[in-house]
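Structure record follows, encoded as structure tokens.
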Amino acid sequence: MSFYEPNSCHLREVLIFCFNMKKSAAEAHRMLSNIYVKYYGEAAISEKECGKWFQRFKNDDFHVEDQHSGGREKVFKDAELKALLDQDSCQNQKKLARSLGVTRPAISKRLKAMGMIQKQGNWMPYELKPRDVEWRLFACEQLFERQRRKGFLHRIVTGDEK
């Protein structure tokens, strides 16, 4: 037989039940405290906390999940972000933030610090690697050479073509 121990979300759901039964925050606190101490041996929730939740319920906010309190954000390593970009460099900042469990501005700051920019939907380093510079130089030389090999006569339109 498993032993059930309620967490804070479960207790808040019980508070919603009490709220819907038109109980006051003090009554709900008393009920929860008596039951919780009897079965689990410790305090469940403070009366002040019950009051805060009842106020939220009065404002039609029935979300009982824990929310980010606005403190320090989750710390993640550049290696985690780099690994995600190596898997799929087409991901946008929102997807990256969701994958790492952080905010989009945090991702934006880290990408900027890593020197990454988005070009044509892919994240790439702002500074080109030496081989990329060589490849671009080679492509430019090839295009220039092709232009030089062809004479200018093939580009003249005489007007007698039908």
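Keep in mind that this is a model prediction, so the values were computed, not measured. These numbers come from the heavy atoms of this one structure, side chains and all, not from hydrogens, waters or symmetry mates.
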Do the side chain of [X] and the main chain of [Y] share a donor and acceptor less than 3.5 angstrom apart?
X	Y	result
Gln91	Leu84	yes
Asp88	Cys90	yes
Asp61	Phe57	no

Give the C-alpha distance, both sets of side-chain angles, the deciding distance and a yes or no for side chain to side chain contact (heavy atoms under 4.5 Å, CB included) between His29 and Ser24. CA-CA 9 Å; His29 172 257; Ser24 69; over 6 Å; no

Can you tell which of Met114, Gln118, Lys82 makes a side-chain contact (heavy atoms from CB on, under 4.5 Å) with Trp123? Gln118

Is there side-chain contact between [X] and [Y], with heavy atoms separated by less than 4.5 Å?
X	Y	answer
Leu15	Phe17	no
Trp53	Arg56	yes
Gln55	Lys52	no
Glu27	Cys18	no

Can you see which heavy atom on Leu85 is nearest to which on Met116, and at what distance? CD1-CE, 3.9 Å

When rounded to the nearest 0.5 angstrom, what distance separates [atom1] in [X] from [atom2] in [Y]?
X	Y	atom1	atom2	value
Lys94	Ser108	NZ	OG	14.0 Å
Gln87	Ser99	CD	OG	8.5 Å
Glu49	Leu32	CD	CG	12.0 Å

How are the rings of Phe19 and Phe54 set relative to one another: parallel (under 30°), tilted (30 to 60°) or perpendicular (over 60°)? perpendicular

Of Arg98, Arg110, Arg104, the residue whose pairing with Gln93 passes side chain to side chain donor-acceptor pair (under 3.5 Å): Arg104

Show your working on side chain to side chain contact (heavy atoms under 4.5 Å, CB included) between Ile107 and Leu111 and close with a plain yes or no. CA-CA 6 Å; Ile107 293 291; Leu111 287 169; 3.7 Å; yes

